[in-house]
There are 2 protein chains.
Amino acid sequence: MDLIRQLGVLAFGSRLRRLTERLSKDVSRSFRDQGIGFEVRWFPVFYLLTLESEVSITGIASALQYTHPAINQIAGEMDRAGLIVSTRDKNDERRRLLSLSKKGQSLITDLKPLWADIADATKEILSMSGIDFVAAIDKVEEALDQRQLYDRIVSRIKIRQYDAIEIVEYESSLKDHFRELNYEWLKKYYRIEPADEKVLGDPEGNIISNGGAVVFARIDGRIIGTGALIKHDDQTYEIAKMAVTERMQRRQAGKKLTRALLDRALDSGAVRIFLETSPQMTPAISLYEKLGFEISEGFITPRYKRESITMVYKFEK
Amino acid sequence: MDLIRQLGVLAFGSRLRRLTERLSKDVSRSFRDQGIGFEVRWFPVFYLLTLESEVSITGIASALQYTHPAINQIAGEMDRAGLIVSTRDKNDERRRLLSLSKKGQSLITDLKPLWADIADATKEILSMSGIDFVAAIDKVEEALDQRQLYDRIVSRIKIRQYDAIEIVEYESSLKDHFRELNYEWLKKYYRIEPADEKVLGDPEGNIISNGGAVVFARIDGRIIGTGALIKHDDQTYEIAKMAVTERMQRRQAGKKLTRALLDRALDSGAVRIFLETSPQMTPAISLYEKLGFEISEGFITPRYKRESITMVYKFEK
DNA sequence: TAATATTACGTAAGCGCTTACATAAAGGTT
DNA sequence: AACCTTTATGTAAGCGCTTACGTAATATTA
């Protein structure tokens with residue numbers, strides 16, 4: 001009946017939220033019952049002030065790992081309830097130092113046994129889980145400190161996307177894709193120059209027949225990206241004409257294309273592999289860096305008017 | 001440094017909230033990154049709609065254990081995003097039946113692998129806790145279903161309060177307390193009648209010297225309640241003149257006083273123990289019931305004008 | 001069959017935090 | 001000393017749920 005429960009780890013967030021709400025609602029109700037005029041959400045701040053007096057808003061915030069507006073709001077409420085007093089820091093007029101008021105001090109004795117009851121009851125509930133729940137949360141938080149959930153998800157997504165891309169060899173039926181994919185971004189960022197038209201119009205004549213290669217990236221049967229390997233001499237290869245259609249960018253096609261061309265160059269005995277790209281293309285540059293290229297002084301005559309930087313593959317010694 | 005962490009079970013609510021926020025923020029970010037136009041908070045509803053179509057708002061709410069306004073809001077957003085369509089139920093014009101739209105249907109294939117990535121990453125994090133976190137939450141929720149945290153806290157508070165009350169024997173220096181405590185509530189609810197004045201003015205002459213007793217409840221050195229045992233004959237005792245000062249009510253003083261007087265009557269060989277109270281005093285009545293009294297036909301001549309009901313102690317056979 | 005209770009849905013506002021932004025004081029730099 | 005950066009605080013608004021409440025449709029009951 002309870003789908004959230006069935007979904008297990010998939011609806012883990014909803015699950016935790018529900019549990020949190022359930023527990024904290026009960027705790028606040030217990031507090032209210034006592035008619036002490038104390039809200040549970042004040043508890044961490046109050047407790048901190050029993051340990052230390054003259055603490056600033058941000059001081060409390062960082063000790064409790066809350067944001068400072070949260071503390072500001074709680075302090076406002078506690079102030080209105082007469083539990084704290086605040087004074088300006090003599091040495092730093094920005095800071096507002098909080099301490100418990102007389103009334104706040106005297107509340108401590110009333111609250112302490114109540115805390116103990118709540119802690120005991122909570123422990124009782126948590127012990128039903130059969131494990132040390134608090135310790136388990138500690139470990140989960142440590143794991144998150146080490147590497148965020150976000151990063152873990154993203155790396156999985158990337159691997160999946162990378163695997164979903166198929167690298168396809170050039171054949172003449174795909175000739176138009178090679179031109180169109182490159183035109184798409186050239187038009188967007190620059191103008192198409194004669195040198196572009198020449199190479200993109202006849203990849204067979206200009207690239208493949210000279211010992212180079214053209215490959216394509218395919219997802220679900222659709223060509224979405226391309227790239228070429230141009231042979232300059234037996235030892236020198238250039239990766240060029242990389243293009244991925246805009247809608248399919250950030251899906252690791254560039255990475256898989258580059259790696260495919262790089263492998264091909266290495267297999268052909270390349271000693272020098274380079275590429276040219278534009279300084280604005282920061283995602284591309286960082287991709288190339290990840291794959292082992294580094295920015296270098298240009299060593300070939302620029303063939304295009306557009307500004308470019310040269311990157312060279314760093315062979316491992 | 002992190003006080004919330006140090007507080008352990010005492011700040012368990014804050015702890016859980018923090019973890020929840022951290023996890024769900026990362027998950028939503030991953031979703032947003034994908035640019036699918038899908039919010040994580042829609043997930044449970046969306047998932048349910050992949051299993052069943054034509055589900056009503058309250059139907060979804062109860063399946064997911066959310067409130068219906070939550071579902072209403074989520075449905076509104078999903079509607080605006082074009083993921084669902086809603087039709088009126090032919091048999092019940094109040095109900096709005098939700099189903100996935102074409103667009104919603106086609107999203108399923110995009111979302112499924114993403115769900116899997118998120119589930120895997122979450123599992124990875126949770127496995128760091130070294131225990132089956134989801135199962136642990138299951139058990140905690142079961143424990144809560146059995147008996148709420150609130151009830152567990154309250155019963156601890158009551159025991160503590162009960163233990164904090166000291167029962168004090170009558171002595172003439174406490175004579176005024178006996179009168180004042182009784183006058184306090186008599187004035188509040190009725191008028192003081194001659195019969196009251198007589199007994200309350202001279203407990204020694206009217207109660208104690210006739211083989212009865214007067215006791216007091218004391219907290220932190222202060223007398224806060226009183227009660228009397230009146231002897232009618234060797235076998236018949238009456239519990240009467242119970243009073244607890246208003247500010248100290250609900251602290252189990254009445255219970256401890258009654259139990260003390262009851263024990264005394266039983267020790268004296270009572271065969272019949274009764275008391276009179278007013279029908280409006282429902283908290284008192286339920287207290288007496290808990291202690292073994294039951295409402296009975298009055299069997300003594302009414303001594304006061306105020307309306308009253310008689311309760312008799314039920315001896316176990 | 002009229003009155004009453006229940007149910008389904010919707011809307012507004014609240015809760016306890018957050019992010020985003022503004023302001024003023026303090027500290028650093030040239 | 002003028003300028004920029006950083007820090008402490010405050011305020012507004014948002015988020016994702018909740019409670020509270022209103023209205024209309026349906027079910028129940030006398």
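Worth knowing before you read on, the calculation uses all heavy atoms, side chains too, and leaves out hydrogens, waters and symmetry mates. Treat the numbers as computed from the prediction; the structure is a model and nothing was measured. Letters A, B, ... mirror the listed sequences (proteins, then strands); counts begin at 1.
Where A:Ser28 and B:Leu97 each meet DNA chain C at their nearest nucleotide, the meeting point lying more 5' is that of B:Leu97. Heavy-atom nearest nucleotides on DNA chain D were determined for A:Ser14 and for A:Arg88, and the one closer to the 5' end corresponds to A:Arg88.
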Pairs: protein N or O with nucleotides 21-25 of chain C N or O, under 3.5 Å:
| unit_1 | atom_1 | unit_2 | atom_2 | d |
| --- | --- | --- | --- | --- |
| C:dA25 | N3 | A:Arg94 | NH1 | 3.3 |

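Annotation for A:Asp163: atom CG counts as buried by contact number, over 12 foreign heavy atoms lying within 6.0 Å.
Between B:Arg18 atom CZ and D:dC15 atom P there is a gap of 23 Å when expressed in whole angstrom units. To the nearest angstrom, P of D:dT18 lies 10 Å from CG of B:Leu64. What separates CG of B:Asp89 from C1' of D:dA25 is a distance of 12 Å, to the nearest Å. Between the P atom of C:dC17 and the CD atom of A:Gln65 lies a distance of 14 Å, rounded to the nearest Å. Atom-to-atom, CZ of B:Arg17 to P of D:dG16 comes out at 15 Å; the value is rounded to the nearest Å. Atom P of nucleotide D:dT11 and atom CD1 of A:Ile71 are separated by 16 Å, given to the nearest angstrom. Taking atom CD1 on A:Ile57 and atom C1' on D:dG10, their separation rounds to 9 Å, with Å as the unit. In this entry the distance linking CD of A:Glu21 with P of D:dC15 reads 18 Å, nearest Å.
B:Trp42 and B:Phe38 have perpendicular rings, their planes meeting at more than 60° on a 0 to 90° scale where under 30° would count as parallel.
Checking the phosphate oxygens (OP1, OP2) of D:dG16, no side-chain nitrogen or oxygen of B:Ser24 falls inside 4.0 Å. Applying the 4.0 Å criterion to OP1 and OP2 of C:dG10, one finds that B:Asn72 has a side-chain N or O inside that range.
With contacts defined as side-chain heavy-atom distances shorter than 4.5 Å, the pair B:Arg160/A:Leu114 qualifies. Contact of the A:Phe46 side chain with the A:Leu100 side chain is registered, since non-hydrogen atoms from C-beta on lie closer than 4.5 Å. Using a 4.5 Å cut-off on side-chain heavy atoms (C-beta onward), B:Glu246 and B:Lys188 make contact. Two residues are said to be in side-chain contact when any heavy atoms from C-beta on lie closer than 4.5 Å; B:Tyr66 and B:Ile60 fail this criterion. Residues A:Arg250 and A:Gln161 form no side-chain contact, since every pair of their non-hydrogen atoms from C-beta on lies 4.5 Å or further apart.
Taking 3.5 Å as the limit, the base of C:dT18 and the side chain of A:Gln73 contain a donor-acceptor pair of atoms between them.
Here the side chain of A:Tyr66 is nearest to one of C:dA8, C:dC17, D:dT11, namely C:dC17. With C:dC17, D:dT18, D:dC17 as the choices, the nucleotide that has an atom nearest any side-chain atom of B:Arg41 turns out to be D:dC17. The side chain of B:Lys25 has C:dT18 as its nearest neighbour among D:dT18, C:dC17, C:dT18.
If you check every strand for non-hydrogen atoms under 4.0 Å, A:Thr67 touches a base. Note on A:Ser56: only backbone sugar-phosphate atoms sit closer than 4.0 angstrom, heavy atoms only; bases stay farther off.
Atoms CZ and OG1, on B:Arg95 and B:Thr58 in that order, are 6.0 Å from each other to the nearest 0.5 Å.
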